[in-house]
Amino acid sequence: MIPIYKPYLEGNETKYVNDCLESTWISSRGSYIEKFEKAVRDFVGCKYTSSCSNGTTALDLAFKALEIGEGDEVITTNFTYVASTNVILANGAKPIFVDIETETWNINPDLIESKITPNTKAIIIANIYGVLPNLKKINEICSKYNLYLIEDAAESLGAEYDGVKSGNIGTISTFSFFGNKTITTGEGGMVLTNDESLYDKIEVLKNQGNSRTQKYYHDMLGFNYRMTNIQAAIGLAQMEQIDKILEIKANIYNYYLKNLGSDIIYQKTLKNSTSSFWIVTALFESVEIKEKLIKELEKNNIETRPLFFPIDELPFYEKAEGEFISKDIYNRGICLPSFPGLKMDELDKIIQIIKKCIYG
Ligand SMILES: Cc1ncc(COP(=O)(O)O)c(C=O)c1O
């Protein structure tokens with residue numbers, strides 16, 4: 001089976017994990033935590049990084065640190081992984097859905113201003129499949145209306161906009177290090193910011209709200225969202241290979257693009273930005289062609305995944321008014337195998353099957 005994704009564990013992962021086991025530092029204290037946080041900080045170029053248990057808790061920490069809750073509205077799209085929208089509901093705020101752009105599949109900045117009300121507190125962007133939105137316009141809107149920008153960078157580690165790395169774009173940015181992400185810690189996440197007081201708050205919130213100076217005195221309501229030293233050990237080994245991983249992934253994307261063409265490998269990166277090429281997606285002329293192709297690839301032991309299902313159509317969300325292009329993109333698109341260990345003959349096989357299915 002050629003899967004959609006497989007982690008690339010070709011460096012010091014085993015060595016560093018064994019080091020944790022031998023030293024008995026296997027819980028959430030230990031030297032790898034700070035080393036991993038520093039490695040991400042140095043790569044991204046932001047001032048503060050706080051590791052946590054996964055990308056979902058990272059988002060929750062962002063919301064709690066910014067005190068977004070009851071009565072607040074948060075602008076988002078219906079075309080993202082559900083965690084980045086659930087965090088709005090789970091914190092008692094209201095998601096306001098804006099459609100995506102045809103090119104980047106990210107929030108369409110031209111549709112944002114008409115959705116802003118006195119209750120709007122933040123915009124959340126999710127950098128879909130590693131591609132960044134039009135941040136120039138989004139930043140202008142955030143400044144004009146005094147809104148927080150939350151960057152859910154789970155899929156975009158390594159991407160850049162105007163030379164600024166993803167993870168250093170929002171008031172608070174977050175990463176996921178799930179097994180299918182550009183770098184992984186098994187499960188894991190990180191919160192990033194340049195604001196010291198937000199960072200201090202996040203460190204307290206992820207540690208049961210425990211004061212940073214007095215043990216068993218809790219400044220605020222918090223939970224245990226900590227990362228373990230073992231996870232951080234894997235993460236450090238992964239960060240040592242980040243440039244190589246990103247280069248291989250860019251090559252995979254370019255190979256799909258060269259051989260299938262921009263009518264099929266469709267999602268576009270804006271001129272002043274680069275993508276992390278997290279997952280290569282393909283868009284077909286009709287739902288029928290897409291369905292036929294999924295079956296053909298499956299017969300050949302090749303995994304595909306659907307694109308994100310429009311979130312506002314899930315049973316616990318209120319359907320947004322109007323027609324969204326995200327629905328059409330969901331209907332006609334699929335995710336293709338995009339992991340760094342993908343071999344050339346496997347890539348060629350996938351491409352051949354797609355071409356045969358489309359062109360006969
Ligand atoms: C855009 C986005 N946000 C949030 C998450 C949640 O991260 P995690 O699975 O680590 O909780 C993911 C990935 O799974 C994601 O793709």
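Atoms considered below: every heavy atom in the structure, side chains included; atoms not considered: hydrogens, waters and symmetry mates.
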Neighbour count above 12 (heavy atom, 6.0 Å) for Tyr216 OH: no
Shortest non-hydrogen separation from Ser276 to Leu157 and the atoms involved: CB-O, 3.2 Å
Worked check of ring pair (Phe, Tyr, Trp, His ring centres under 6.0 Å) between Phe36 and Phe177: CA-CA 12 Å; Phe36 178 45; Phe177 304 122; 5.2 Å; yes
Exercise: do Asn139 and Tyr161 side chains pair donor with acceptor under 3.5 Å: no
Cation-pi, Tyr256 ring and Lys258 (6.0 angstrom, 45 degrees): no
More than 12 heavy atoms of other groups within 6.0 Å of Asp345 CG: yes
Residues Thr171, Thr193; criterion side chain to side chain contact (heavy atoms under 4.5 Å, CB included); working and verdict: CA-CA 6 Å; Thr171 318; Thr193 184; 5.6 Å; no
Donor-acceptor under 3.5 Å (Ser166 side chain, Gly158 main chain): no
Exercise: do Ser51 and Glu37 side chains pair donor with acceptor under 3.5 Å: yes
Short side-chain to backbone donor-acceptor contact, Asn229 and Trp25, under 3.5 Å: yes
Polar side chain donor-acceptor pair, Thr269 to Ser273, under 3.5 angstrom: no
Flag for Glu101-Asn106: side-chain donor and acceptor within less than 3.5 Å: no
N-O pairing of Lys244 and Glu247 below 4.0 Å: no
Short side-chain donor-acceptor distance under 3.5 Å, Asp348 and Tyr255: yes
Pairwise side-chain contact, Ile183 with Met239, heavy-atom cut-off 4.5 Å (strictly under): yes
Interatomic distance, Ile125 atom CD1 to Thr76 atom OG1 [nearest 0.5 angstrom]: 10.0 Å
Closest heavy-atom pair and its distance - Pro340, Ile248: O-CG2, 3.3 Å
Glu103, CD atom: more than 12 neighbouring heavy atoms under 6.0 Å: no
Side chain Asn224, main chain Gln208, donor-acceptor under 3.5 Å: no
Heavy atoms of other groups near Lys94 NZ, more than 12 under 6.0 Å: no
Tyr148 and Phe63 aromatic centres sub-6.0 Å: no
Intermediate values then yes/no, ring pair (Phe, Tyr, Trp, His ring centres under 6.0 Å), Tyr8 and Phe339: CA-CA 8 Å; Tyr8 187 75; Phe339 56 97; 9.7 Å; no
Nearest-0.5 Å distance, OG of residue Ser28 to OH of residue Tyr225: 15.0 Å
Derivation and outcome, side-chain hydrogen bond (donor to acceptor under 3.5 Å, both in side chains), residues Ser197 and Asp195: CA-CA 6 Å; Ser197 64; Asp195 183 317; 2.8 Å; yes
Cationic N near anionic O, under 4.0 Å, Asp42 to Lys38: yes
Lys349-Asn300 side chain donor-acceptor pair, cut-off 3.5 Å: no
Rounded distance (nearest 0.5 Å) linking atom CD1 of Ile75 with atom CD1 of Ile107: 6.5 Å
Between Tyr81 and Asp152, a side-chain donor and acceptor under 3.5 Å: no
Pair Phe308 and Tyr330, ring centroids less than 6.0 Å apart: no
SB check Glu203 Arg226 (cutoff 4.0 Å): no
Straight-line distance of Met344 CE to Asn251 CG, nearest 0.5 Å: 9.0 Å
Criterion side chain to side chain contact (heavy atoms under 4.5 Å, CB included) on Thr104 and Gln267, from CA distance to verdict: CA-CA 6 Å; Thr104 66; Gln267 193 189 12; 5.6 Å; no
Side-chain donor or acceptor of His218 paired with backbone N/O of Ser211 under 3.5 Å: no
Exceeds 12 heavy-atom contacts within 6.0 angstrom, atom NZ of Lys115: yes
Where Ala282 and Ile265 come nearest, the two heavy atoms and their spacing: CB-CD1, 4.3 Å
Beyond-backbone contact of Lys206 with Ser50, side-chain heavy atoms, under 4.5 angstrom: yes
Option among Lys137, Lys136, Lys144 that satisfies the side-chain hydrogen bond (donor to acceptor under 3.5 Å, both in side chains) test with Glu140: Lys136
Expected output: side-chain Asn108 to main-chain Asp110 donor-acceptor under 3.5 Å: yes
Non-neighbouring partners of Lys215 that pass salt bridge (charged side-chain N to carboxylate O under 4.0 Å, His left out), sequence neighbours left out: none
Heavy-atom closest contact (Glu151 atom, Ser156 atom, distance): OE2-OG, 4.4 Å
ILVMFWY cluster, Val280 and Leu257 together (side-chain gap under 4.5 Å): yes
Aromatic ring pairing Tyr129/Trp278, orientation class (parallel under 30°, perpendicular over 60°, tilted between): parallel
Donor on one side chain, acceptor on other, Asn168 and Asn194, under 3.5 Å: yes
CA sep, side-chain torsions, deciding dist, call: Thr49, Phe175, side chain to side chain contact (heavy atoms under 4.5 Å, CB included): CA-CA 10 Å; Thr49 44; Phe175 284 133; over 6 Å; no
Ile325 atom CD1, over 12 foreign heavy atoms within 6.0 Å: yes
Step-by-step side-chain hydrogen bond (donor to acceptor under 3.5 Å, both in side chains) determination, Glu73 to Thr117: CA-CA 8 Å; Glu73 292 176 0; Thr117 74; 2.8 Å; yes
Those residues that, when tested against Arg41, pass salt bridge (charged side-chain N to carboxylate O under 4.0 Å, His left out) (two or more places apart): Glu34
Ionic contact status for Asp200 with Arg212, cut-off 4.0 Å: yes
Nearest-0.5 Å distance that lies between atom CD1 in Ile289 and atom CD1 in Ile264: 9.0 Å
Working for side chain to side chain contact (heavy atoms under 4.5 Å, CB included), residues Thr174 and Leu192: CA-CA 6 Å; Thr174 61; Leu192 306 94; 5.6 Å; no
Flag, side chain of Thr120 to backbone of Pro118, donor-acceptor distance under 3.5 Å: no
cation_pi(Lys327, Phe324) dist<6.0 Å, angle<=45: no
Glu10 and Gln241: side chain donor to acceptor below 3.5 Å: no
Rounded distance [0.5 Å steps], OG1 in Thr14 versus CG in Leu9: 7.5 Å
